[in-house]
Amino acid sequence: MQIREADAQDLPFLELILLEAYNWSEERFTLDWIRSDERARRYLEGFPADGDLGLVALIDSAPVAAVWGRALPAERAGYGFVAPDIPELTLGVLPAARGRGVGSRLLAAVIDLAEQRRLPGLSLSVEDGNAARRLYENAGFEVVGRSGGSDTMLLQTDAGVRP
Ligand SMILES: CC(C)(COP(=O)(O)OP(=O)(O)OC[C@H]1O[C@@H](n2cnc3c(N)ncnc32)[C@H](O)[C@@H]1OP(=O)(O)O)[C@@H](O)C(=O)NCCC(=O)NCCS
């Protein structure tokens with residue numbers, strides 16, 4: 001598996017991965033819905049902007065997974081907003097590549113990247129019942145809030161922990 005940084009050319013793939021994240025339990029949403037929903041579009045429109053970061057995982061040169069974080073202002077935030085300088089992550093692996101450690105390696109890599117960039121932390125939103133929660137807990141994310149049927153989780157980097 002290879003990992004490289006994501007850029008604007010990856011947006012069609014990130015859109016597919018966003019759909020996987022929305023549909024983690026069952027096929028509830030379509031690509032057309034993702035494209036038309038103002039809140040869903042916040043995760044994609046204008047990526048990568050200042051403060052964003054993202055990675056794509058490839059197997060045999062084909063993208064199989066992505067993780068990216070958006071540093072959005074409070075008034076245009078996603079579901080897992082904590083602060084405007086803390087990017088909110090979306091993570092997803094194509095179904096055929098799951099269960100082989102791709103997701104956990106990608107998450108570890110984006111945490112490394114956030115630390116290299118001296119970002120104060122990373123946040124995310126995870127719906128009740130999603131087994132991805134264990135992945136996040138293992139990486140050090142902690143629950144800091146609640147929104148609807150989802151927990152907001154935060155990982156503070158060394159740069160974010162004040163002495
Ligand atoms: C969640 C997801 C990214 C995990 O990626 P992955 O490559 O399959 O994960 P890994 O192989 O690295 O597994 C890591 C851990 O994930 C957990 N896990 C993730 N999905 C799981 C599932 N459906 N069932 C059971 N465990 C799961 C396991 O605890 C596993 O830990 P273990 O190795 O101790 O068993 C992937 O399942 C996915 O894309 N799901 C749909 C999108 C989604 O839910 N995204 C997160 C939105 S918050």
Side-chain angles (χ1 to χ4, degrees), residues 1-6 10-35 37-45 47-48 52-72 76-83 86-115 119 121-157:
M1 181 181 110
Q2 289 173 314
I3 295 179
R4 63 159 172 78
E5 280 202 45
D10 294 305
L11 276 166
F13 183 66
L14 300 191
E15 194 179 49
L16 288 182
I17 293 297
L18 184 65
L19 185 62
E20 292 294 340
Y22 267 83
N23 283 336
W24 65 270
S25 63
E26 55 183 327
E27 299 283 312
R28 291 183 288 177
F29 302 95
T30 62
L31 210 44
D32 281 347
W33 183 87
I34 291 274
R35 286 172 180 162
D37 183 72
E38 200 272 325
R39 195 110 184 234
R41 284 163 54 162
R42 294 177 189 178
Y43 290 98
L44 299 167
E45 261 172 12
F47 175 87
D52 292 348
L53 75 177
L55 298 170
V56 174
L58 306 114
I59 295 179
D60 297 333
S61 306
V64 295
V67 63
W68 71 102
R70 301 235 57 194
L72 295 169
R76 275 198 356 101
Y79 295 97
F81 176 81
V82 170
I86 296 186
E88 178 188 337
L89 292 185
T90 300
L91 167 69
V93 179
L94 293 181
R98 288 184 194 158
R100 289 192 264 154
V102 172
S104 39
R105 273 183 280 168
L106 208 46
L107 186 61
V110 82
I111 293 168
D112 280 351
L113 187 59
E115 284 175 346
L119 298 179
L122 294 168
S123 76
L124 57 85
S125 173
V126 62
E127 253 181 280
D128 294 345
N130 191 340
R133 172 184 300 266
R134 223 178 88 202
L135 189 83
Y136 302 139
E137 286 169 351
N138 289 343
F141 282 81
E142 291 177 356
V143 176
V144 292
R146 183 91 187 143
S147 166
S150 303
D151 280 337
T152 299
M153 301 185 83
L154 171 68
L155 176 103
Q156 273 194 298
T157 63

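Read the numbers this way: they start at 1 and go in the same order the structure lists the ligands and their atoms. No experiment lies behind these values; they were computed from the predicted model shown.
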Colleague: Quick one: look at Leu135 and ligand 1, take heavy-atom pairs under 4.0 Å, and tell me if it's side chain, backbone, both or neither.
Modeller: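 Under 4.0 Å from ligand 1, Leu135 contributes side-chain atoms alone.
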
Colleague: Can you check which of Ala57, Ser104, Gly92 brings a heavy atom nearest to atom 12 (O) of ligand 1?
Modeller: Ser104

Colleague: Below a 4.0 angstrom heavy-atom separation, can you tell me which part of Arg98, side chain or backbone, both or neither, approaches ligand 1?
Modeller: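 The part of Arg98 near ligand 1 is both the backbone and the side chain.
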
Colleague: Identify, for atom 33 (O) of ligand 1, the protein heavy atom at the shortest distance, and state residue, atom and that distance.
Modeller: Arg134 NH2, 5.0 Å

Colleague: Just to confirm my output: which protein heavy-atom neighbour is closest to atom 45 (N) of ligand 1, and how far is it?
Modeller: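 Here the nearest protein heavy atom works out to Leu91 O, 2.9 Å.
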
Colleague: Is any N or O atom of Gly99, backbone or side chain, closer than 3.5 Å to an N or O atom of ligand 1?
Modeller: yes

Colleague: Does only the side chain of Tyr136 get under 4.0 Å from ligand 1, or the backbone, or both, or neither? Count heavy atoms.
Modeller: side chain

Colleague: Test your reading of the structure: does Gly103 have an N or O sitting under 3.5 Å from an N or O of ligand 1?
Modeller: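 Between Gly103 and ligand 1 (N or O atoms, distance only) the closest approach is under 3.5 Å.
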
Colleague: Which atoms from ligand 1 have a heavy atom of Ser125 less than 4.0 Å away?
Modeller: 48 (S)

Colleague: Atom 47 (C) of ligand 1: protein heavy atom closer than 4.0 Å?
Modeller: yes

Colleague: Which atom names give the shortest non-hydrogen contact between Pro87 and Gly121, and what distance separates them?
Modeller: CD-O, 3.4 Å

Colleague: Looking at ligand 1, does any of its N/O atoms fall within less than 3.5 Å of an N/O of Val93?
Modeller: yes

Colleague: Please confirm whether Asn138 comes within less than 3.5 Å of ligand 1 when only nitrogen or oxygen atoms on both sides are compared.
Modeller: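 It does not: no N or O of Asn138 is found under 3.5 Å from an N or O of ligand 1.
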
Colleague: Enumerate donor-acceptor pairs with a distance under 3.5 Å from any side-chain N or O in residues 96-111 to protein atoms, sequence neighbours excluded.
Modeller:
| from | atom 1 | to | atom 2 | distance (Å) |
| --- | --- | --- | --- | --- |
| Arg98 | NE | Val93 | O | 2.8 |
| Arg98 | NH2 | Glu20 | OE1 | 2.9 |
| Arg98 | NH2 | Val93 | O | 2.9 |
| Arg100 | NH2 | Ala96 | O | 3.3 |
| Ser104 | OG | Gly101 | O | 3.3 |
| Arg105 | NE | Gly101 | O | 3.4 |
| Arg105 | NH2 | Arg100 | O | 3.4 |

Colleague: Compare every heavy atom of Leu14 with every heavy atom of Ala66, then report the nearest pair and how far apart it is.
Modeller: CB-CD2, 3.6 Å

Colleague: Please state which part of Ala65 comes within less than 4.0 Å of ligand 1, counting heavy atoms only: side chain, backbone, both or neither.
Modeller: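 Looking at Ala65 and ligand 1, no heavy atom falls under 4.0 Å.
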
Colleague: Counting distance only, does the side-chain N/O of Trp68 pair as donor-acceptor with the main-chain N or O of Tyr43 below 3.5 Å?
Modeller: yes

Colleague: Heavy atoms of the protein only: does one fall short of 4.0 Å from atom 28 (C) of ligand 1?
Modeller: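 For atom 28 (C) of ligand 1 the answer is no, since every protein heavy atom stays at 4.0 Å or beyond.
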
Colleague: What are the atoms of ligand 1, with element, lying closer than 4.0 Å to any heavy atom of Gly101?
Modeller: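 Under 4.0 Å from Gly101, ligand 1 has these atoms: 10 (P), 11 (O), 12 (O).
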
Colleague: Please list, in number order, the atoms of ligand 1 under 4.0 Å from a heavy atom of Val102.
Modeller: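 Per the distance check, 7 (O), 12 (O).
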
Colleague: When you measure from the side chain of Asp52 to the backbone N and O of Ala71, does any donor-acceptor pair fall under 3.5 Å?
Modeller: yes

Colleague: Would you mind telling me if ligand 1 is within reach of the side chain of Arg100, the backbone, both or neither, using heavy atoms under 4.0 Å?
Modeller: backbone

Colleague: Should you measure from each heavy atom of Glu20, which atoms of ligand 1 turn up under 4.0 Å away?
Modeller: 41 (C), 42 (C)

Colleague: Is it the side chain, the backbone, both or neither of Thr90 that has a heavy atom closer than 4.0 Å to ligand 1?
Modeller: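 Thr90 to ligand 1: no contact under 4.0 Å from either part.
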
